[in-house]
Amino acid sequence: MRDFPLKTGSNAGQNTLLDIRNLDAHYGDFQALYGLSLRVQAGEVVSVIGANGAGKTTLMRSVSGLMRNQAEQVVWKGREIGALRADQIAALGIALVPEGRLLFASLSVEENLIIGGQMKRKGPWTLQRLYRLFPILQERRNVPATALSGGQQQMVAIGRALMSNPELLLMDEISLGLAPVIIKSIYEALPSITGEGLAAVIVEQDIAKALAVSSRVYCLQEGRVSLEGASSEVPRDAISRAYFGV
Amino acid sequence: METKMTKSLSVARATRMSGIAMGLLAVIVIVMALAPYWAGRAELRLFGEIFLYMALASLWNLLAGYAGLVSVGQQAYVGFGGYMFFALAILWGVHPLAAIPLAGLLGALIAAPVAVLIFRLRGAYFAIGTWVMAEVFRLSFAQFSALGGGSGTSLPVDIVKSLADGRAAREAAAYWLALGVVVAVVGLVYAYLRSSRGVALTAIRDNELAAKSLGIDIWRAKFTVYVVTGGLTALVGALIFLQKLRISPDAAFSVNDWTAFVIFIVVIGGIGTLEGPILGTLVYFALRETLADLGSAYLIALGVLAILIMLKAPKGLWGLVRARSGAELFPLSRRVRGLDD
């Protein structure tokens with residue numbers, strides 16, 4: 001593993017929100033993650049890049065509780081949460097925008113959003129605030145969620161996660177299958193989402209996009225961290241090596 | 001993509017049509033409540049049976065169509081409710097009118113540990129597990145010698161008489177109980193689905209993974225539905241055997257009578273809609289009353305109809321009606337109405 005100078009420092013500070021320590025994740029006999037460590041500070045945007053099969057989605061599933069691991073391998077604000085259920089983790093303030101959006105097909109746009117807010121965590125995100133961020137959703141709020149375009153559906157998926165007023169937002173390949181112009185508009189909305197101190201982990205195939213929005217980047221390769229550093233400082237050729245392993 | 005929707009819109013669940021339908025429904029309920037004064041004994045009995053099947057179908061629809069719990073063992077609760085009603089009334093001398101809700105309560109109580117056990121199973125294994133549980137119930141009650149063991153028992157005359165004086169009054173009482181229970185069950189399912197828990201249930205049905213990651217406790221949501229459905233099914237079971245006046249393990253835990261026909265009703269009516277089970281019950285009884293004389297050909301006809309509907313209209317007859325007309329008698333989904341500010 002190559003280390004590059006980090007602006008935030010890699011020592012566990014008091015502001016560490018998420019601390020993943022030597023995470024091993026398995027699908028039956030198949031091991032997908034090998035001793036992976038990753039840290040997210042409060043208010044920080046971290047991107048995770050890597051080729052298909054590198055373990056990015058497994059990492060997201062492990063943090064959000066959709067895959068359960070050893071308790072001590074995932075630590076949230078000093079508490080070991082690796083073995084908790086997904087709904088318990090959501091209640092702690094970790095929200096997932098799942099890969100492929102996974103909207104509720106028989107509910108309207110607004111009902112999808114309301115479901116996101118059903119835990120009633122306090123915070124800045126309300127329906128009104130969300131509609132200001134994505135005005136098109138207000139116009140189409142009574143339409144079945146799956147009748148929207150792909151980009152609008154992605155807005156619903158992000159909005160649904162925000163409605164729980166999380167402290168950490170996990171976004172798994174939010175640009176997957178969308179037109180470049182749509183991806184651009186969604187990424188333009190990100191600063192106003194993370195602006196108020198909301199931390200985020202963004203899993204992304206598009207390296208340029210990932211580096212542009214994050215302060216730190218982790219590159220995964222075959223279930224291990226192959227590179228970690230400040231997004232603005234890691235050289236592109238180092239990323240290429242870490243990405244493809246050549 | 002249509003845009004340019006301005007703010008001169010309002011949202012409502014109810015439509016003019018659903019308003020009229022609700023009014024019509026109220027009239028039908030009142031007319032049916034007066035049935036003991038205008039219908040003959042045979043009709044009254046048939047209506048009572050229709051209402052009880054409607055309640056069973058609505059409950060199975062909530063379980064399978066909304067909570068995704070495809071149980072083929074609901075006869076466990078019908079039979080359990082029936083047996084508890086007989087046990088309370090005969091062995092412990094509880095008044096029949098008190099024994100009916102108590103049978104429902106006991107049904108919910110027994111459903112809780114059963115749920116803990118069978119929720120470990122998924123999909124087809126869950127379905128088989130529910131059936132196995134129902135067989136366990138049947139075999140257990142067949143050992144229950146105080147209630148006749150394998151050959152069953154009848155409700156003693158003095159208990160029947162304590163319900164009301166005179167045969168006509170008793171039959172009317174049983175009929176009103178059946179009508180009351182179907183109105184209560186459909187009303188309860190409707191209210192539940194309109195609540196935020198109901199929306200959460202629909203979300204689970206659509207995508208369990210996404211629902212989980214949004215903080216919905218899936219196990220608890222399904223557990224609640226299973227226990228409530230089990231209790232109400234037991235209550236309906238108590239009424240079924242109050243009407244029949246006789247109970248035996250084979251009749252009480254019949255997979256054909258209390259599950260296969262109920263699934264048929266829900267599938268042809270339209271699973272996952274409130275109207276489906278109601279429409280399906282009416283179609284089922286219309287077929288039964290006209291074709292039952294054909295013997296086994298009648299069952300073949302039911303099977304062929306079920307297959308045809310599953311192939312041609314997978315959302316059932318009500319799905320067909322709704323696709324053509326957009327009708328919704330019980331307004332669950334929200335709609336947009338254009339209004340001038």
Side-chain angles (χ1 to χ4, degrees), chain A residues 60-61 63-67 85-121 135-136 138-149 151-152 156-157 160-161 163-166 170 172, chain B residues 1-15 65-68 119 193-223 270-274 315 319 322 326 328 331-339:
Chain A
M60 293 291 101
R61 292 173 59 92
V63 176
S64 58
L66 293 171
M67 250 176 103
R85 293 197 312 268
D87 58 289
Q88 294 170 321
I89 286 184
L92 295 174
I94 301 178
L96 171 70
V97 182
E99 183 181 356
R101 306 185 282 269
L102 309 185
L103 299 185
F104 303 121
S106 43
L107 300 182
S108 68
V109 168
E110 188 158 296
E111 284 169 331
N112 266 276
L113 297 173
I114 290 169
I115 281 279
Q118 53 93 36
M119 280 180 303
K120 302 191 167 59
R121 283 175 56 88
I136 185 72
Q138 180 162 25
E139 284 179 25
R140 315 212 68 197
R141 65 180 194 265
N142 298 300
V143 174
T146 41
L148 299 183
S149 72
Q152 292 166 0
V156 177
R160 189 177 64 176
M163 284 293 285
S164 69
N165 279 303
L170 308 170
D172 196 358
Chain B
M1 187 177 83
E2 89 265 35
T3 47
K4 295 281 173 204
M5 279 194 209
T6 50
K7 281 178 181 134
S8 58
L9 295 169
S10 80
V11 187
R13 281 174 151 165
T15 57
Y66 285 96
F119 276 22
L193 290 177
R194 281 188 74 146
S195 74
S196 63
R197 282 169 160 236
V199 179
L201 204 61
T202 314
I204 293 173
R205 181 187 63 178
D206 285 356
N207 196 309
E208 205 164 297
L209 198 109
K212 255 199 286 200
S213 67
L214 290 170
I216 296 173
D217 187 339
I218 294 188
W219 196 91
R220 198 172 59 189
K222 289 188 171 180
F223 179 80
I271 190 166
T273 64
L274 261 172
K315 289 180 177 171
R322 189 155 70 167
E328 200 174 30
L332 276 177
S333 49
R334 296 182 175 86
R335 288 150 187 269
V336 187
R337 271 198 302 216
L339 280 178

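The sequence lines fix the lettering, A, B, ..., with proteins before strands; numbering per chain opens at 1. Computed from a predicted model, the values in this text were never measured in an experiment.
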Asks: With sequence neighbours left out, what residues match B:Tyr66 under ring pair (Phe, Tyr, Trp, His ring centres under 6.0 Å)?
Replies: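 With sequence neighbours excluded, B:Tyr66 shows a ring pair (Phe, Tyr, Trp, His ring centres under 6.0 Å) to no residue whatsoever.
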
Asks: Looking at B:Glu208 and B:Lys222, is there a salt bridge between them, counting it only when a charged N and a carboxylate O are closer than 4.0 Å?
Replies: yes

Asks: Among A:Pro98, A:Ser106, A:Ala86, who wins on heavy-atom pairs under 4.5 Å with chain B?
Replies: A:Ser106

Asks: Counting heavy-atom pairs under 4.5 Å to chain B, which of A:Met163, A:Arg85, A:Arg160 comes out on top?
Replies: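 The candidate making the most pairs under 4.5 Å is A:Arg160.
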
Asks: Does B:Arg197 reach the side chain of A:Gln118, with side-chain heavy atoms less than 4.5 Å apart?
Replies: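 A side-chain contact under 4.5 Å is absent here.
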
Asks: Quick one: NZ on A:Lys120 to OG on B:Ser196, what's the gap to the nearest 0.5 Å?
Replies: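 These two atoms lie 5.5 Å from each other.
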
Asks: Among residues at least two apart in sequence or on other chains, which ones pass side chain to side chain donor-acceptor pair (under 3.5 Å) with A:Arg61?
Replies: none

Asks: Flag the one option from A:Ala147, A:Ser64, A:Ala105 with the top tally of heavy-atom pairs under 4.5 Å to chain B.
Replies: A:Ala105

Asks: Any idea which of B:Ala211, B:Ala200, B:Ala210 has the most non-hydrogen atom pairs under 4.5 angstrom with chain A?
Replies: B:Ala210

Asks: Who wins among A:Leu107, A:Asp87, A:Leu170 for the most heavy-atom pairs under 4.5 Å with chain B?
Replies: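 So the answer, after comparing A:Leu107, A:Asp87, A:Leu170, is A:Asp87.
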
